[in-house]
Amino acid sequence: MNKMKKYFRGVAEEARRIRWPDQKTLWKAVAVVLSIAIITALFITMFDYLVLYINRGISDAMKQGSTSTDSSSSASVSAAFRFINFFNIK
């Protein structure tokens, strides 16, 4: 029990030594953290939609290629060309 009291006294003593920022500095730091968090969230969201768009394009190209009556090798080549045309890749 004595060790616990000593520990919490030490914690309280260290807490009194902390130099807390003034309100103006604190709000500047909060603004920086929030802006970085929002920018990061927007970047992750845009990247997620880009990957989803590419994934759907590949999926659609493969579905169109698999429904043809060609052999499997020519169907995959046909699907690859459809994929390239889907994204207008030159």
Side-chain angles (χ1 to χ4, degrees):
M1 190 70 171
N2 194 17
K3 288 183 179 182
M4 287 178 56
K5 284 182 184 180
K6 186 177 179 181
Y7 172 76
F8 285 111
R9 280 188 193 133
V11 169
E13 184 179 326
E14 288 294 325
R16 283 189 291 265
R17 292 182 187 173
I18 295 174
R19 291 182 51 206
W20 296 100
D22 60 343
Q23 190 173 10
K24 187 176 182 179
T25 306
L26 177 68
W27 284 112
K28 283 182 182 179
V30 168
V32 169
V33 169
L34 285 177
S35 62
I36 290 174
I38 289 169
I39 290 169
T40 303
L42 289 173
F43 176 77
I44 290 171
T45 302
M46 288 175 19
F47 185 74
D48 186 45
Y49 279 118
L50 176 68
V51 169
L52 181 65
Y53 183 73
I54 292 171
N55 191 13
R56 284 184 181 166
I58 293 171
S59 177
D60 290 344
M62 292 301 157
K63 284 180 186 175
Q64 290 173 0
S66 66
T67 59
S68 66
T69 58
D70 299 333
S71 66
S72 63
S73 63
S74 63
S76 62
V77 170
S78 175
F81 282 119
R82 285 190 192 104
F83 174 72
I84 290 171
N85 288 335
F86 181 79
F87 289 107
N88 295 324
I89 299 173
K90 297 180 181 180

### Glu13 bridged to Arg17 by N-O distance under 4.0 Å
yes
### Task
Answer yes if Ile58 and Leu50 sit in the same cluster of Ile, Leu, Val, Met, Phe, Trp and Tyr residues linked by side chain heavy atoms under 4.5 Å apart, and no otherwise.
yes
### Query
With respect to Phe47, which candidate in Val51, Ile44, Thr45 satisfies the side-chain contact (heavy atoms from CB on, under 4.5 Å) definition?
Val51
## Note on the structure
Given the options Val33, Ile39, Val32, Ile36 meets side-chain contact (heavy atoms from CB on, under 4.5 Å) only with Val32
### Summary
For Gln23, the side chain to side chain donor-acceptor pair (under 3.5 Å) test, sequence neighbours excluded, returns none
### Query
With sequence neighbours excluded, what pairs up with Asp22 under the side chain to side chain donor-acceptor pair (under 3.5 Å) test?
Thr25
### Query
How does the hydrophobic cluster around Tyr49 look, that is, which other residues are in it when side-chain heavy atoms under 4.5 Å mark a link?
Leu52
### Task
Enter the distance from Arg16:CZ to Ile18:CD1 here, rounded to the nearest 0.5 Å.
11.0 Å
### Task
Find the distance between CG (Asn55) and CG (Asp60) and round it off to the nearest 0.5 Å.
9.5 Å
